[in-house]
Amino acid sequence: QVQLVESGGGLVQAGESLKLSCAASGIIVSAKRMGWYRQAPGKERELVAYIFSSGTTTYADSAKGRFTISRDNAKSTLYLQMNSLKPEDTAVYYCSVSGIYWGQGTQVTVSS
């Protein structure tokens, strides 16, 4: 009964920011490896950011310095703060648990 629901996507101009949220149920986020992935039109799904149960994080090169993954254990929510957005960030963003469970995704569109 694990459920993941992403929100926070939208249409923004290049250089602006968005914060994505992933509300989780059926899991304890602090005890799981969770991540954000994205899939652009015509491309494979790729890892954007990952957080381990220890709190250690890792990022795709394209996201380093601009994106920050975090979690709020009390709220059972995973976040992705995205700053200085670029048109190439345009994609559907997905929340995952260990690459096994997935949300429905939230669309992020960045115009130039």
Side-chain angles (χ1 to χ4, degrees):
Q1 59 183 19
V2 174
Q3 292 185 319
L4 305 171
V5 181
E6 302 97 333
S7 62
L11 173 63
V12 298
Q13 291 275 0
E16 295 182 341
S17 300
L18 281 175
K19 187 174 184 178
L20 306 183
S21 298
C22 172
S25 62
I27 61 168
I28 301 174
V29 297
S30 63
K32 301 292 184 180
R33 293 170 288 143
M34 302 187 70
W36 287 98
Y37 295 73
R38 68 187 181 189
Q39 187 167 23
K43 296 185 177 181
E44 295 294 314
R45 186 172 298 184
E46 64 176 350
L47 175 68
V48 177
Y50 212 81
I51 185 167
F52 296 89
S53 59
S54 65
T56 299
T57 59
T58 186
Y59 299 89
D61 288 341
S62 60
K64 290 179 180 177
R66 299 188 300 124
F67 293 4
T68 302
I69 187 171
S70 63
R71 65 191 182 208
D72 186 323
N73 298 331
K75 296 181 179 179
S76 296
T77 301
L78 182 74
Y79 301 98
L80 183 67
Q81 177 66 49
M82 305 187 295
N83 299 325
S84 302
L85 284 163
K86 305 174 181 179
E88 50 263 44
D89 294 319
T90 295
V92 176
Y93 284 70
Y94 298 90
C95 174
S96 73
V97 178
S98 301
I100 299 172
Y101 299 100
W102 300 86
Q104 296 301 307
T106 184
Q107 177 71 48
V108 172
T109 302
V110 185
S111 62
S112 60

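These values consider heavy atoms only, across backbone and side chains, with no hydrogens, waters or symmetry-generated copies.
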| message | By the salt bridge (Lys or Arg N to Asp or Glu O under 4.0 Å) test, which pairs, at least two apart or in different chains, include something from residues 4-22? | response |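 For residues 4-22, and leaving out neighbouring residues, there are no salt bridge (Lys or Arg N to Asp or Glu O under 4.0 Å) pairs at all.
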
Could you check if a side-chain atom of [X] sits within less than 4.5 angstrom of a side-chain atom of [Y], using non-hydrogen atoms only?
X: W36; Y: C95; result: yes
X: S17; Y: Q81; result: yes
X: F67; Y: L85; result: yes
X: V2; Y: I100; result: no
X: I27; Y: M34; result: yes

[X] versus [Y], closest heavy-atom pair with distance:
X: S30; Y: N73; result: CB-OD1, 3.2 Å
X: P87; Y: S111; result: CG-C, 4.5 Å
X: K43; Y: Q39; result: O-NE2, 3.2 Å
X: S21; Y: T77; result: CB-CG2, 4.2 Å

| Could you give the distance from SG (C22) to OH (Y79), rounded to the nearest 0.5 Å? |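 One gets 10.5 Å once the value is rounded to the nearest 0.5 Å.
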
| Distance, nearest 0.5 Å, that separates CG of L80 from OG1 of T68 |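 Here the interatomic distance stands at 8.0 Å.
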
State yes or no: do [X] and [Y] share one hydrophobic cluster built from I, L, V, M, F, W and Y residues joined by side-chain heavy-atom distances below 4.5 Å, directly or via other members?
X: L20; Y: L11; value: no
X: V108; Y: Y94; value: no
X: V92; Y: L18; value: no

Short side-chain to backbone donor-acceptor contact, [X] and [Y], under 3.5 Å:
X: Y59; Y: I69; answer: yes
X: T90; Y: V110; answer: yes
X: W102; Y: L4; answer: no

| message | If you count every heavy atom of other residues, nucleotides or ligands that lies below 6.0 Å from E44 atom CD, does the total exceed 12? | response |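 No - once you tally the heavy atoms of other residues, nucleotides and ligands closer than 6.0 Å, there are 12 at most.
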
| task | Can you establish whether the number of heavy atoms outside Q107 located under 6.0 Å from its atom CD is more than 12? | result |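 Yes, enclosed.
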
| task | Walk me through it: do Y50 and Y37 pass the test side chain to side chain contact (heavy atoms under 4.5 Å, CB included)? | result | CA-CA 9 Å; Y50 212 81; Y37 295 73; 3.6 Å; yes

| request: Please lay out, stage by stage, how S25 and Q1 fare under the test side chain to side chain contact (heavy atoms under 4.5 Å, CB included). | output: CA-CA 8 Å; S25 62; Q1 59 183 19; over 6 Å; no

| Between D89 and K86, is the closest basic N to carboxylate O distance under 4.0 Å? |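 So K86 does not pair with D89 through a salt bridge.
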
| query | Is there a donor-acceptor contact under 3.5 Å linking the side chains of S62 and R38? | reply |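 Yes, R38 and S62 have a side-chain donor paired with an acceptor closer than 3.5 Å.
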
